[in-house]
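Report on one structure; see the data block that follows.
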Amino acid sequence: MSFSRREFVKFMGGTLGATGLAGCFAETQKDSPFLNFSDRDELVLADGFEYDLLISFKDKISDKDQFGANNDYTCPVVLNENELLFWVNHEYPDVLVGSRWEKGVERTKEMVEHERYSVGGSILHLKKGDKWEVVYNSKYNRRLNAETMIPLISERPIVGKTEAQGTFANCAGGLTPWNTFLTCEENYDLFYGEREREDKERSASRLGWEKYFDNPPEHYGWVVEVNPKTGEAKKLTGLGRFSHECATCVRTKDGRVAVYTGDDRNDQFLYKFLSDEKDSLEKGELFVADVKKGQWISLSIEKQPALKKAFKDQTDVLIHCREAGKLLGATPLDRPEDIEIHPETGDVFITLTNNKPRGNFHGSILRLKESGGDHGAMTFKAADFLVGGDDFSCPDNLAFDSKGNLWIATDMSGGAMNKPPYTKFKNNGLFYVAMSGPEAGIVKQIASAPKDAELTGLSFSPDGKTLFMSVQHPGEKSGSLRTLTSHWPKGGDSEPLSSVVQIRGKLL
Ligand code: FEO
Ligand code: CA
Ligand code: CA
Ligand code: CA
């Protein structure tokens, strides 16, 4: 099911003052969007907005450390009125500008070591003057990366170990009610490959790290909790292992925590974790969604005879969530990406970015309402909220601002952009959708990304006046350092650098 603009207005129902008027606005606004799709190699902003760089790949954050590659998820935690502890994910290495690898060249151990340092995450101490700035050499500035030893919070050792070396593939994340960061390991198989079972052969990874470091694939694909002040981290295996996009936390009516998390792969599932305790995600129960029936299915081996038959123990189930979910009839989805909870209604919004083998090129945003408005419920109703293909394509990251309006960043892949069926959308963009009032449901473009880049990692400063955003992988389709497709952000002949920007302006 999908909604036209008219149906959307009806769907919004009670939150709208004047439904008839809204219909008129829709026509007017369509002819005068904030910004038109652009293919310039710039971060283009709509009138009334401006941006500054916060930090770029390779910038020094202390005498010892530098900012990592391909920044993605961002998340501020308040230190005091004018200071933040700011988490940034570094999803994957920049093999061109970072480790200087080019096609046809052998991958060396030095390159892999450089890459292992450049991924994971950064904690940055930010201070506000005229704009937000990184406090150089702050005791809080630190890097977690593919070398950091991180305990596995698990009922038993995994591949004989109680800790894993490193975190990587950190895509999106979440914030716990007790203000620790969650960072999600997404496409972990790119780094050390994958295998069906511990005693089976591993597939070769795209980055080939296993050639130099023989780390087990089962140590990756988890959600990692990080203490903002100390950098102390732990892998929460209870939330399952798959290509975690994000981990979005919200309180249940009885005060526990529900964590929504999706598996960003074609035909994979949506999950919900319910904690046992009010202030810890170490223990709890994982569920997978039957979206057609509107039911959460338990992945507890004690409750599911089919799991008991197929898996050794609960840890085995958690390592192989895809297999377990499929066995229990979970609903295959079109690549669940970011998940956000509406601050007033509690509705859960899930981007389904696309599913090309199934002919879904432009994706959609699904809205899920838990029964009784309780995130601890076992049943829900779900329906399309917005569908791509007209105003935007391939929604990925979402954020609600303090007024409850929705911001959407898109991720058409570098190789697909500016070609059919994506031609008209040009470069990736940032969009704004009012959730109430006469303009409810109208999609307005706010920003257009530099060449090949994705806009991602949306977060707001505590006063709501600054939007932090990652500009990830500009120039990623460059064939070599001599044939760069982007020179953002420095321009001229400079090499492209993933960066975090801060945006100010109207609507903020
Ligand atoms: Fe790293 Fe699903 O985006
Ligand atoms: Ca994403
Ligand atoms: Ca994506
Ligand atoms: Ca990305």
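One-based numbering, in listed order, for ligands and for the atoms of each. We number each residue from 1, following the sequence as shown. Quick note: numbers below take in every heavy atom, side chains included, and nothing from hydrogens, waters or symmetry partners.
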Near the Ca ion (ligand 3) (under 3.0 Å) - protein N, O or S atoms: Glu337 OE2, Asp396 OD2, Asp411 OD2

Contact check: Gln472 to the Ca ion (ligand 4), N/O/S below 3.0 Å: yes

Over 12 non-hydrogen atoms of neighbours within 6.0 angstrom of CZ in Arg358: no

Output field: ring centroids Phe86/Phe468 closer than 6.0 Å: yes

Ring-ring centroid check Tyr220 Tyr192, cutoff 6.0 Å: yes

Close side-chain approach of Val501 and Asp52, heavy atoms under 4.5 Å: no

Within-4.5 Å side-chain heavy-atom neighbours: Phe242 and Gln268: no

Plane angle bin for Tyr92 and His473 - parallel if under 30°, tilted between 30 and 60°, otherwise perpendicular: tilted

